[in-house]
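To keep things clear, I will list the structure first and then write my remarks on it.
The figures that follow rest on heavy atoms only: side chains count, while hydrogens, waters and symmetry mates do not. Each chain gets a letter, A, B and so on, in the order the sequences are listed, and its residues count up from 1.
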Amino acid sequence: MDARGRPRRTTPVMAQEEKDGYVPSEVEAKWQRLWEERGTNTFTREELENAEDPFYNLMMFPYPSAEGLHVGNIYAFTGADVHGRYQRLRGRTVFEPIGFDAFGIHSENFALKIGTHPMDLIPSNVRNFTRQLRRIGGMFDWKHSVDTTDPSYYKWTQWIFLQLFDAGLAERKEAPVNWCPSCMTVLANEQVIGGACERCGTPVEQRRIAQWFFKITQYAQRLLDNLEGLDWSDSTRKAQANWIGRSTGAQLHFPVLDGDGAETGTTIEVYTTRPDTVFGATYMVLSPEHPLVEEVTDDGLRAPVYAYIDAAAKKDLVARQKADKTKTGVPTGGYCRNPATGESIPIWIADYVLMEYGTGAIMAVPGHDARDFEFAREFDLPIVRVVAGPDDDAGTPLDEAYVGPGRLVNSGPFDGTDVHESVEAVTTWAAENGWGEPKVNFRLHDWCISRQRYWGPPIPVVHCGECGPVGVPEDELPVILPRVEDFKPDESGISPLARVEEWYRTTCPQCGADARRETDVSDTFLDSGWYFIRYPSTDFDDRPFDAALTQRWLPVDTYIGGNEHAVLHLLYSRFLTMVLKDLGHLDFEEPYDVFRAHGLIIADGSKMSKSKGNVIVPDPIIEEFGADTFRTYLMFLGPYEEGGDYRPQGIQGPFGFLHRLWDTVVSAGDGSPDPDVERKVHQTIRQVTEQIPALGYNTAIAAMMECLNVVRAGGRDAVRAEIEPLVIMVSPFAPHLAEELWQRLGHGGGVFDGARWPDFDEKKAAEEVVQIAVQVNGKLRATITIEKDTAEQEVVSAARSEENVARHLEGKEERRVVHVPGRLVNFVVE
RNA sequence: GCCGGGGUGGUGAAAUCGGUAAACACAGGGGACUUAAAAUCCCCCGCCCGCAGGGCUUCUGGGUUCGAGUCCCAGCCCCGGCACCA
């Protein structure tokens, strides 16, 4: 006998015990096989079409790297899968697809590095990912998977390009772009992190190349406005709002002056958020790329001006965009008039002014802008105070830019007015006098989708000498990416496809003349910008998405993914959805009703990533403990939306929990439940039912552990009625184990087909007695156990008669007694 | 600099509305059962003084309150994102 009075596992019964013991690998293999045979997780087209109460559970599809999934990836998918399985147990028809985001520079670079071809590399990576994803027991609909590199998928990616092209939302223009000299490609602004390449960390340079852009800026206001109504993680919405970067201010016109101080007729346009400080604008700065540089530059100063511009153009964006470097610049010798003061002010050129934002020119107000102040100090330009703080007057000298509140000074008719209030007044005044108007500006730039690389969908355009760029007709899609052995990019900045003459030589679809295909491929964010619309419709190869299916399944009910895509992917997919709606292809404009960002798995103090060298491979862990234990452990680590520290030893907790659950269930008998145990079970149902949909997985698991401890307390044997609800509740976390136990409990259908989420009975969950804390002056002096709903008087007198309480009350004057029913009694004494 | 999220035992973490801080686990210690180990079970486990009991404790300092991890003010530190954006 062991300490609980149960027969010990002695050698003679070992063989039999072993047969009934929990062997995760067997259970998991069995149920994965059965799910597949029964089609438990997959839908037919008809099932999708007729689904009742559909729930679209989406997770961010992975990029199939050669290394395989790491623990961080598994964490993301498991958390989303738990959510989907829970919804299914609540009776929803849950569609949970998965796919592969397999195009892109990452794969291409890896293929180059190991000397293979992406077309060979990707299928083997996909096979490995598929194996791993099956192994963790996700409820994935493998019949509706997508692979962005499959022509049957990118045919429709190209179709989407053509929709934008035809609608005038795709535009080819020569533009300064971020050029990564290591990856030898153009990067979107969003892929430049702190001035360096997102992938390889190499400082990015500027180049001017003709590129395709999607005009996402036309949608900036709508993308911003809609954020308001989305049920998304707050941090994600804030990040998007920041990225869109709306600001309000004014556009002001500064007349250029000739050598005699007369207006030339040209004006320099500036954008400012602080038109109220216009009286303090003591000089003007143009960005080096500004079109008026030539016109305003004095003949005598052309040499230094051009030298400065050349240097700026060569400088990479890191050096250029470092805020903390010393300001550089050069005077043009030209002047313009400050329209507020009427004074003539010098025009300078400096690279701290960016051509990409606003008008590419600023009015410099050194008194009240830190950057202008620094520049003015550097070049000895006049600094005028136009805002006085509470302790200042008009003459108080400035030793740094003053950006605080105050009233205007040295500002003509506006002297004495509050700065903030005068923004509007000054703008109105400027408008009345014809030198300005209110203006809204966005930081968001148009989306550059061109990539001078090989591993992506060819942009479906033909360049014709007569007709210009012409879209490839829809019935000629897809434009197949040819297999090219030499796909290494070179310094030319031209796509490798431009070396494949037999591929790019074609005829113009419009006039039939000799023409040339576009040799750039598109950005992977275009592939991933619409995959969720494709999933339900993968049974159709004659349309990108079926209207009826889309109507039934979209928008996505819940999208769970990493916050690293808070800005790019989520913004682009919102944009594409809006465009498709405007073009009449969709009847909704926001793709994801609910978005939740999961946290990060931290190993050795930082996020798990290959570059940090702290990647943990899941396969051996699953081998040793089983997928169910691993899933449960990951979800138990910490709050799902905050992530957690990965500590290998911690897996022992969930491992023991699942084993004890198994033992309890297989030895459970019939009979009526113990009332105390039943109460705990109902309390647990209530708790878990609240916590799972709120992604409080860690506390839901803790509640179940606690419940099992009560069920087994003192070594008692459980009865089935006590333990069945626990089997269902644990099933989103440990689906294989739950299926097996469910079957052993004698149920015919599987948990995910037959079982329904348990209901809790408020009456059965109610406690009859409560513990009341007794405090004297807020300090705990005793705890009393008393029947629930006892009258206040009785509670207080019971509290007062506690020995330890009485001692603290003795000889003191009672001022007040605070009674919080069911919680505490606090005696406030002298 | 700006915008988010944080700071609680040796560790991961709990704590509805302001109401018994540390649930649930890991690690550690002790014990039972074992020839032994594994497994299992029981007990202890924030710090200090201890017989009872008491004092202290949720980054720091103030405040509000009968009562603050939770609310308010000021500051420090960590993580993530953005950043010469006018």
Testing B/G54, B/G12, B/C24 for proximity to the side chain of A/Asn709, the answer is B/C24

Among the nucleotides B/C85, B/C26, B/U20, whichever has the atom closest to the side chain of A/Arg647 is B/C26

What is the nucleic acid contact for [X], judged by heavy atoms within less than 4.0 Å: base, sugar-phosphate only, or nothing?
{"X": "A/Phe636", "result": "base"}
{"X": "A/Asp369", "result": "nothing"}
{"X": "A/Asn441", "result": "nothing"}
{"X": "A/Asp234", "result": "nothing"}
{"X": "A/Arg246", "result": "nothing"}
{"X": "A/Pro654", "result": "nothing"}
{"X": "A/Arg815", "result": "nothing"}
{"X": "A/His565", "result": "nothing"}
{"X": "A/Arg686", "result": "nothing"}
{"X": "A/Leu637", "result": "sugar-phosphate"}
{"X": "A/Glu564", "result": "nothing"}
{"X": "A/Ser235", "result": "sugar-phosphate"}

Carboxylate-amine/guanidinium proximity below 4.0 Å for [X] and [Y]:
{"X": "A/Lys439", "Y": "A/Glu269", "value": "no"}
{"X": "A/Arg274", "Y": "A/Asp276", "value": "yes"}
{"X": "A/Asp231", "Y": "A/Arg237", "value": "no"}

*Between A/Gln221 and A/Arg246, is any side-chain donor less than 3.5 angstrom from a side-chain acceptor?*
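Note: A/Gln221 and A/Arg246 side chains meet the donor-acceptor criterion.
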
Do A/Thr236 and A/Asn563 meet the criterion of a side-chain donor-acceptor pair at a distance under 3.5 Å?
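Side-chain D/A pair, A/Thr236 to A/Asn563: present.
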
Measuring only the [atom1] atom in each nucleotide, how far is [N] from [M]? A whole number of Å is fine.
{"N": "B/C43", "M": "B/U57", "atom1": "P", "value": "31 Å"}
{"N": "B/C78", "M": "B/U8", "atom1": "C1'", "value": "15 Å"}
{"N": "B/C47", "M": "B/A23", "atom1": "P", "value": "13 Å"}

